[in-house]
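All values derive from a computational prediction rather than experimental measurement.
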Amino acid sequence: MANLLRIHVSCEDGRGLLAAVASCIFDHGGDLGDATFTRLGEQAEFMAVGEFPDHVEADEVQRALRDVPALEDGEVSVTPFGRDRASVTDGSVTHVVRVRGVDRPGLMARLAEAFGESGANIVRMDAEHRELDQRSDYHMRFEIHVAPDRAEACLASVSNTAETMSLHFQAEPAENAG
């Protein structure tokens, strides 16, 4: 039986960081499943679920990651993952939605509420804040799962929500996403 561990790393970003983290996990018998790596300002964030042999414990992996030179001033957390690797609900992406516009408080919250109220599950979300010509521009990308019979109504509702906040809205089926 496999030992599933949730791995979270937060540290200063640098060239070769992902390679160092992934290599350390591999060297301890880990097979990465769902994972994300992103830069947040000058910080980097890595989060994943890894499958390890039964004899490899969370503490051992955490100690090994803390010994990686690039992580010496970072935060490392490795904990048991109490669920199966596969999602209980359908986590497949049916649509990709892009929204952008002038940044102000509450944008993400209102859009996330609109997805939820319309029966969509947000599988992944990325957001990027950009400074452009004396204003803040915010780009959000949502990968969602919504049942086929709810998709049209869901996308219309989220589009209307975006319009009320003067945001540009674009949606496409996942198979056309790039």
Side-chain angles (χ1 to χ4, degrees), residues 1-10 13 18 21-22 25 30-41 43-52 58 75 77-133 135-178:
M1 176 155 180
N3 185 16
L4 294 178
L5 301 176
R6 178 187 173 274
I7 302 161
H8 180 250
V9 172
S10 178
D13 189 29
L18 180 57
V21 171
I25 292 166
D31 179 25
L32 290 173
D34 291 344
T36 184
F37 178 83
T38 190
R39 184 174 178 193
L40 300 170
Q43 288 284 113
E45 296 281 333
F46 174 79
M47 191 170 6
V49 174
E51 185 175 320
F52 292 82
E75 298 172 25
S77 171
V78 180
T79 57
F81 187 72
R83 304 213 181 253
D84 288 337
R85 224 189 224 197
S87 175
V88 174
T89 61
D90 187 349
S92 63
V93 175
T94 59
H95 294 81
V96 174
V97 176
R98 291 176 177 85
V99 181
R100 65 177 170 78
V102 176
D103 189 18
R104 61 186 169 279
L107 293 181
M108 190 182 302
R110 293 211 33 220
L111 289 166
E113 289 169 357
F115 282 118
E117 290 168 358
S118 299
N121 182 37
I122 298 170
V123 177
R124 181 178 176 86
M125 189 280 306
D126 294 298
E128 183 179 13
H129 183 262
R130 301 176 185 172
E131 293 294 327
L132 300 173
D133 299 329
R135 67 180 173 90
S136 296
D137 200 36
Y138 204 51
H139 290 239
M140 292 170 278
R141 182 179 184 276
F142 297 88
E143 294 180 10
I144 66 167
H145 173 86
V146 62
D149 62 332
R150 299 198 53 129
E152 187 176 340
C154 170
L155 295 174
S157 175
V158 176
S159 176
N160 288 339
T161 300
E163 278 184 35
T164 65
M165 296 184 291
S166 301
L167 300 171
H168 177 266
F169 173 90
Q170 177 188 355
E172 58 192 24
E175 60 267 10
N176 294 334

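Across all their heavy atoms, Phe169 and Leu155 have their closest contact at CZ-O, 3.7 Å. Nearest heavy atom pair, residue Ala174 against residue Val93, reads CB-O, 3.2 Å. Closest of all the heavy-atom pairs between Thr161 and Arg110 is CG2-O, 4.0 Å. The two residues Tyr138 and His129 make their nearest non-hydrogen contact at CD1-CA, 3.9 Å. The two atoms that bring His95 and Ala151 nearest to each other are CE1-CB, 3.7 Å, heavy atoms only.
With rounding to the nearest 0.5 angstrom, the CZ atom of Arg141 is 12.5 Å from the CD atom of Glu128. Between Ser159 atom OG and Gln170 atom CD the span is 11.5 Å, to the nearest 0.5 Å. The CG atom of Asp103 sits 9.0 Å away from atom CE of Met108, with the distance rounded to the nearest 0.5 Å. With rounding to the nearest 0.5 Å, the separation of CG in Asp126 from OG1 in Thr38 is 6.0 Å. Taking CG of Leu4 as the start and CZ of Phe52 as the end, the distance is 9.5 Å to the nearest 0.5 Å. Rounded to the nearest 0.5 angstrom, Leu167 CG and Arg98 CZ are separated by 15.5 Å.
Listed for the His145 side chain is no donor-acceptor partner under 3.5 Å among the backbone atoms of Asn121. With Arg104 contributing its side chain and Val102 its backbone, the two residues share a donor-acceptor pair below 3.5 Å. Remark: side-chain polar atoms of Arg150 are not paired, donor with acceptor, to backbone N or O of Glu152 under 3.5 angstrom.
Among Asp34, Val9, Thr36, the one residue that satisfies the side chain to side chain contact (heavy atoms under 4.5 Å, CB included) test with Met47 is Thr36.
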In a table with atom names and distances, give each donor-acceptor pair under 3.5 Å that connects a side chain of residues 111-120 to protein atoms at least two apart or in another chain.
unit_1, atom_1, unit_2, atom_2, d
Ser118, OG, Ala114, O, 2.9
Ser118, OG, Ser157, OG, 3.4

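Listed by chain and residue number, nothing satisfies the salt bridge (Lys or Arg N to Asp or Glu O under 4.0 Å) test with Glu45 (two or more places apart in sequence, or in another chain).
No more than 12 heavy atoms of other residues, nucleotides or ligands lie within 6.0 Å of CD in Glu75, so this atom counts as exposed by the packing criterion.
A heavy-atom distance below 4.5 Å is found between the side chains of Arg6 and His8.
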